[in-house]
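The structure under discussion appears below in the form of structure tokens.
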Amino acid sequence: MLQTLIYFFMGLSLSMDTFSLSLSIGTTLPSTKQIINTSLIVGLFHFIMPFLGSMIGNIFSNALFVKTNYITFAIFSVLALQMYLNKNKEEKKDILNIFSILLFAFSVSLDSFSVGIAFGITRESTIIAGIIFSIISSLFTYYGLKLGRFLTEKYQEKTVYLGIFLMLLIAFKYLLFT
């Protein structure tokens with residue numbers, strides 16, 4: 001029971017960036033279908049990535065800890081640029097195409113991959129952790145996208161720029177502080 005609670009709090013911490021980035025992407029007015037698909041794919045990635053990390057284990061851990069922050073910075077910067085370029089209302093639906101959803105899901109689940117590496121080293125159970133990470137990240141993604149969409153519908157264009165700013169802020173956080 002205690003281990004499940006630990007996995008729950010780990011899942012919450014791993015999903016914080018997912019929520020803030022979903023809030024940011026939600027300002028592009030995604031459809032309900034896009035919100036559901038994105039939430040499910042992010043959840044799937046948060047389930048799979050700890051397993052992949054666990055399989056890698058200790059072999060590549062040093063190399064991955066050095067490079068993931070640069071990868072994450074680049075991905076979030078590209079997403080912010082894409083949001084800026086698609087800020088016109090007619091083009092907003094293009095931001096959550098399948099490529100962007102997969103890129104987003106991959107980038108927000110990189111930390112789950114790193115946790116999976118630690119699980120591989122310590123022989124922790126990745127099944128329960130993966131399920132918990134998946135559920136929490138799916139919910140955080142869903143509610144972040146919905147809240148971002150709601151704020152944009154209420155406050156219009158201002159929230160798109162706020163979303164772009166948040167995306168860049170988080171990108172630089174990964175570059176400078178991770």
Side-chain angles (χ1 to χ4, degrees), residues 4 7-52 71-113 115-116 127-174:
T4 304
Y7 291 152
F8 173 77
F9 284 112
M10 288 175 76
L12 284 177
S13 66
L14 291 171
S15 297
M16 292 298 174
D17 61 341
T18 306
F19 178 78
S20 55
L21 291 168
S22 296
L23 179 67
S24 178
I25 291 174
T27 63
T28 64
L29 297 174
S31 68
T32 301
K33 181 180 175 183
Q34 289 172 318
I35 290 173
I36 291 170
N37 288 341
T38 303
S39 300
L40 292 174
I41 291 171
V42 167
L44 180 65
F45 269 74
H46 270 85
F47 180 76
I48 292 171
M49 292 299 267
F51 286 103
L52 294 176
I71 294 168
T72 305
F73 169 77
I75 291 170
F76 291 159
S77 296
V78 167
L79 287 172
L81 178 63
Q82 188 176 9
M83 287 173 66
Y84 177 76
L85 295 174
N86 292 330
K87 67 184 183 309
N88 296 334
K89 200 165 194 159
E90 306 82 47
E91 300 173 32
K92 284 186 181 185
K93 292 181 180 161
D94 295 333
I95 183 112
L96 280 180
N97 57 41
I98 190 65
F99 176 73
S100 294
I101 292 171
L102 291 173
L103 192 63
F104 174 70
F106 174 76
S107 64
V108 297
S109 63
L110 278 174
D111 48 359
S112 293
F113 181 77
V115 169
I127 293 173
I128 295 170
I131 291 169
I132 292 171
F133 294 174
S134 177
I135 292 169
I136 293 172
S137 65
S138 290
L139 290 172
F140 274 46
T141 302
Y142 180 82
Y143 288 113
L145 290 168
K146 293 284 272 189
L147 181 60
R149 185 174 75 178
F150 169 77
L151 291 172
T152 299
E153 289 169 347
K154 188 168 179 151
Y155 298 107
Q156 301 301 323
E157 192 72 24
K158 295 173 194 149
T159 55
V160 174
Y161 290 109
L162 176 63
I164 293 167
F165 174 74
L166 286 174
M167 186 77 72
L168 288 172
L169 189 66
I170 293 168
F172 279 102
K173 175 240 176 219
Y174 275 96

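In this text the structure is predicted, and so the values were computed from the model without any measurement.
Ser100 and Asn97 are linked by a side-chain donor-acceptor pair at a separation below 3.5 angstrom, with hydrogens and angles left out of the test.
Here the shortest heavy-atom pairing between Leu145 and Pro30 reads CD2-CG, 4.4 Å. Taking every heavy atom of both residues into account, Phe47 and Ile127 meet most closely at CE1-O, 4.1 Å. Residue Thr27 comes nearest to Thr152 through the heavy atom pair CA-OG1, 2.9 Å, listed as atom of the first residue, atom of the second, then distance. Minimum interatomic distance between Leu14 and His46 (heavy atoms only, all atoms of both residues): O-NE2, 4.0 Å. Smallest separation of non-hydrogen atoms from Phe140 and Phe19: O-CD1, 3.4 Å. Of all heavy-atom pairs spanning Gly43 and Ser138, the tightest one is CA-OG, 3.1 Å.
Distance OG/Ser109 to CG/Leu44: 9.0 Å, rounded to 0.5 Å. Taken to the nearest 0.5 Å, the OG atom of Ser107 stands 8.0 Å off from the CG atom of Asp17. Ile136 contributes atom CD1, which lies 9.0 Å from atom CZ of Phe9 (distance to the nearest 0.5 angstrom). Rounding to the nearest 0.5 Å places OG of Ser24 at 11.5 Å from CG of Leu147. For the atom pair CZ (Phe51) and CZ (Phe113), the distance works out to 13.5 Å, reported to the nearest 0.5 Å.
Residues Thr32 and Arg149 meet the side-chain proximity criterion, which asks for heavy atoms closer than 4.5 Å. For the pair Ile131 and Ile128, the minimum side-chain heavy-atom distance is 4.5 Å or more.
The 12-atom threshold is exceeded at CG of Leu102, counting heavy atoms of other residues, nucleotides or ligands nearer than 6.0 Å. In the displayed structure, Tyr143 atom OH is contacted under 6.0 Å by at most 12 heavy atoms of other residues, nucleotides or ligands. Residue Leu169 qualifies as enclosed at atom CG: its count of foreign heavy atoms under 6.0 Å is above 12.
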| query | Is there a side-chain contact (heavy atoms from CB on, under 4.5 Å) between Ser22 and Tyr142 once you walk through the steps? | reply | CA-CA 8 Å; Ser22 296; Tyr142 180 82; over 6 Å; no

| message | Could you walk me through whether Leu23 and Leu151 satisfy the side-chain contact (heavy atoms from CB on, under 4.5 Å) test, starting with their C-alpha distance in whole Å, then the side-chain angles of each, then the deciding distance to 0.1 Å, before giving a yes or no? | response | CA-CA 9 Å; Leu23 179 67; Leu151 291 172; 4.2 Å; yes

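No donor-acceptor pair closer than 3.5 Å links the side chain of Thr38 to the backbone N or O of Ile35. The backbone N or O of Leu12 lies less than 3.5 Å from no partner atom in the side chain of Ser15, so there is not a single donor-acceptor pair. Of the possible donor and acceptor atoms, none in the side chain of Thr141 sits under 3.5 Å from a partner among the backbone N and O of Ser39.
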